[in-house]
2 protein chains.
Amino acid sequence: MSQNKKNQFNDDQIKLSRFAKALSHPARIAIIEHLAKVNSCICGEIVEIMPLAQSTVSQHLKELKDAGIITGEISGPKICYCINRETIYDMEKLLKELLSVINKENSDKKGCC
Amino acid sequence: MSQNKKNQFNDDQIKLSRFAKALSHPARIAIIEHLAKVNSCICGEIVEIMPLAQSTVSQHLKELKDAGIITGEISGPKICYCINRETIYDMEKLLKELLSVINKENSDKKGCC
DNA sequence: GACTTTAATCGTATATTTACGATAATGGAT
DNA sequence: ATCCATTATCGTAAATATACGATTAAAGTC
């Protein structure tokens with residue numbers, strides 16, 4: 001209950017939480033998986049394979065784009081989406097760091113759990 | 001959600017999105033990191049290191065507990081929290097699967113991006 | 001130009017999340 | 001039994017997320 005509580009969260013914690021938020025809806029996971037599977041830019045058929053309205057899918061795409069996880073390029077009247085692998089790499093790095101902290105001292109854990 | 005369409009997605013997508021949601025707030029990442037760092041059950045001091053009210057921290061702890069990421073054992077008037085490593089393992093597995101799908105065919109990617 | 005297709009955005013409704021202070025519940029100590 | 005320390009829960013308010021249909025904007029085609 002002291003001034004310590006003014007401590008803000010650090011950059012990595014904020015970054016990782018943003019990535020996690022981007023993945024926090026099954027539709028967005030499905031979109032990422034689909035983009036990865038077709039392994040090329042796909043355009044409108046994301047809406048086809050999703051049980052959601054076009055506008056809703058567009059919102060999810062925007063969130064993924066805002067998080068940097070996908071990119072969208074104009075290609076005629078369509079938009080060409082694909083995964084931004086640099087961002088995925090950043091996310092992977094942060095995730096690995098977190099998991100390594102969690103899994104590190106498995107051997108000499110004390111505690112009561 | 002006004003309409004629940006989450007049942008249209010597969011189990012792994014839903015599971016992973018739940019884990020991601022659990023990590024989608026910096027406070028919860030900070031809690032996990034702290035629990036991992038001390039590598040033992042800790043009790044009340046989580047509130048001390050967080051810039052949040054006790055009731056808010058308690059809510060975040062509840063969310064992590066509901067996601068299965070941490071466990072809380074009663075230990076006198078205090079509660080003893082620690083990381084549930086089995087759940088972490090499950091999460092790690094799902095994340096690895098997703099990342100492997102994303103990173104798989106890097107070589108022969110076609111597309112325009 | 002008018003028409004079509006595609007995707008974003010607007011407007012809106014509802015649900016959920018996040019936060020806080022206040023209160024309750026638990027168990028140890030006095 | 002009374003008090004204290006700890007943590008959960010309640011009540012509530014504000015912000016964000018999710019979803020849809022309707023509309024708009026952009027670009028290609030006629």
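Below, all heavy atoms of this structure are taken into account, side chains as well, without hydrogens, waters or symmetry copies. Below, read A as the first sequence line, B as the second, and so on, with proteins coming before strands; counting in each chain starts at 1.
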Could a donor-acceptor pair under 3.5 angstrom be found where the side chain of B/Gln54 meets the base of D/dA8? yes
Closer than 4.0 Å, any side-chain N/O of A/Thr56 to the OP1 or OP2 of D/dC20? yes
5'-most contact on DNA chain C (nearest-nucleotide basis), A/Lys21 vs A/Lys62, goes to A/Lys62
Please report, rounded to the nearest Å, how far the P atom of D/dT18 is from the CG atom of A/Asp66. 13 Å
By nearest atom, which of the nucleotides C/dA19, D/dA19, D/dG21 is closest to the B/Leu52 side chain? C/dA19
Whole Å only: how far is the CD atom of B/Glu45 from the C1' atom of D/dT7? 14 Å
What is the minimum heavy-atom distance between A/Ala67 and A/Phe19, and which atoms define it? O-CE2, 3.7 Å
Phosphate oxygens OP1/OP2 of D/dA19: is one of them under 4.0 Å from a side-chain N or O of A/His60? yes
Which nucleotide in the set D/dT7, D/dA8, C/dT9 lies at the smallest distance from any side-chain heavy atom of B/Tyr81? D/dA8
A/Lys15 and A/Asp11 ion-paired at < 4.0 Å: no
Would the distance check show the side chain of B/Asn84 and the main-chain N or O of B/Thr71 forming a donor-acceptor pair, the cut-off being under 3.5 Å? no
In whole angstrom, give the distance that lies between atom CD of A/Glu73 and atom C1' of C/dT6. 17 Å
Given atom CD of B/Glu63 and atom P of D/dT9, what is their separation to the nearest angstrom? 13 Å
For A/Glu33, is there an ion pair with A/Lys37 - N to carboxylate O distance below 4.0 angstrom? no
Is any side-chain heavy atom of B/Tyr89 less than 4.5 Å from a side-chain heavy atom of A/Asn103? no
In whole angstroms, how far is the C1' atom of C/dA13 from the CD atom of A/Gln59? 13 Å
Whole Å only: how far is the CG atom of A/Leu61 from the P atom of C/dT6? 15 Å
Check the distance between D/dT18's P and B/Ile14's CD1 and give it to me in whole angstrom. 14 Å
Look at the side-chain N and O atoms of B/Ser58 and state whether any lies under 4.0 Å from the OP1 or OP2 oxygen of D/dA8. yes
To the nearest angstrom, the CZ-C1' distance between B/Arg28 and C/dT17 comes to 8 Å
Measuring from the side chain of A/Ser55 (C-beta onward, heavy atoms only), which nucleotide among D/dC10, D/dA22, C/dA7 has the closest atom? D/dA22
